[in-house]
Amino acid sequence: MQSYEELLKRAKSNLPEIKIGIERFEIPKALGHVQGNKTIISNFLNIIKILNRDQSHLLKYLLRELATPGEIDGPRLILGRKIPASLINDKIKQYTEEFVLCYVCKKPDTVLVKEERSTKMKCAACGAKNPVKAKI
């Protein structure tokens, strides 16, 4: 028969390693440049991946908020006029607060769910379900 201390050591060795680091969600910044009279965002698909949203949803939002035509060309987004990076980043931040971060726990672990005629944001972290503003 094993002693209490031996059993305790064996149980402690089977525990998973404690991670001290805290994962923090950072709103992605648009990287791009102005070419002629167009603005090109070169990391648009990366932004979509980080936000975990449909590219057409973010595209419609940005085009409406920035009041410009635009199109997706491979991994890039081409906007039809010169737009400062600070304005684009402000709109991405605004989109993230409205359509990505949970209203209750502020975590990005959410999905947009269409229910009847409304769209709701469901949080995988806390289970909250809240309607989103029907701007798009």
Just list the side-chain donor-acceptor pairs under 3.5 Å for residues 67-77, sequence neighbours left out, or say none.
unit_1: T68; atom_1: OG1; unit_2: G80; atom_2: N; d: 3.4
unit_1: D73; atom_1: OD2; unit_2: R76; atom_2: NH2; d: 2.7

Report, one line per pair, each donor and acceptor closer than 3.5 Å where one atom sits in a side chain of residues 38-46; sequence neighbours left out.
unit_1: T39; atom_1: OG1; unit_2: R81; atom_2: O; d: 2.7
unit_1: T39; atom_1: OG1; unit_2: I83; atom_2: N; d: 2.9
unit_1: S42; atom_1: OG; unit_2: L31; atom_2: O; d: 3.0
unit_1: N43; atom_1: OD1; unit_2: L31; atom_2: N; d: 2.8
unit_1: N43; atom_1: ND2; unit_2: K29; atom_2: O; d: 2.9

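A side-chain donor-acceptor contact under 3.5 Å links T110 and R53.
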Would D54 and L112 count as a side-chain contact (heavy atoms from CB on, under 4.5 Å) if you check the C-alpha gap in whole Å, the side-chain angles of each, and the deciding distance to 0.1 Å?
CA-CA 10 Å; D54 184 39; L112 295 178; over 6 Å; no
Could you walk me through whether Y95 and L58 pass the side-chain contact (heavy atoms from CB on, under 4.5 Å) test, one step at a time?
CA-CA 8 Å; Y95 176 86; L58 178 58; 3.6 Å; yes
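Every residue meeting the salt bridge (Lys or Arg N to Asp or Glu O under 4.0 Å) condition with E115, not counting sequence neighbours, appears here in chain and number order: K120, K129.
Of all non-hydrogen atoms in K107 and A125, the two that sit nearest each other are CD-CB, 3.9 Å. Between K106 and L101, the shortest heavy-atom distance links the atoms O-CD2, 3.7 Å. The heavy-atom pair separating A30 from I88 by the smallest distance is CB-CG2, 3.7 Å. The shortest non-hydrogen separation linking S13 to R10 is OG-O, 2.7 Å.
Separating the SG atom in C123 from the CE atom in M121 is a distance of 8.5 Å, to the nearest 0.5 Å. Here the NZ atom belonging to K93 is positioned 4.5 Å from the CD atom belonging to E97, to the nearest 0.5 angstrom. In this structure, CD in Q94 is found 12.5 Å from CG in N89, a value given to the nearest 0.5 Å.
Screening L51, N52, I50 for a side chain to side chain contact (heavy atoms under 4.5 Å, CB included) with V100, the sole residue that qualifies is L51.
If you chain together hydrophobic residues whose side chains sit under 4.5 Å apart, V113 and V104 never meet in one group. Cluster membership check: I48 shares its hydrophobic cluster with V132, using side-chain heavy-atom separations under 4.5 Å among Ile, Leu, Val, Met, Phe, Trp and Tyr.
At least one side-chain heavy atom of L87 sits under 4.5 Å from a side-chain heavy atom of K91.
Listed for the Y61 side chain is no donor-acceptor partner under 3.5 Å among the backbone atoms of F99.
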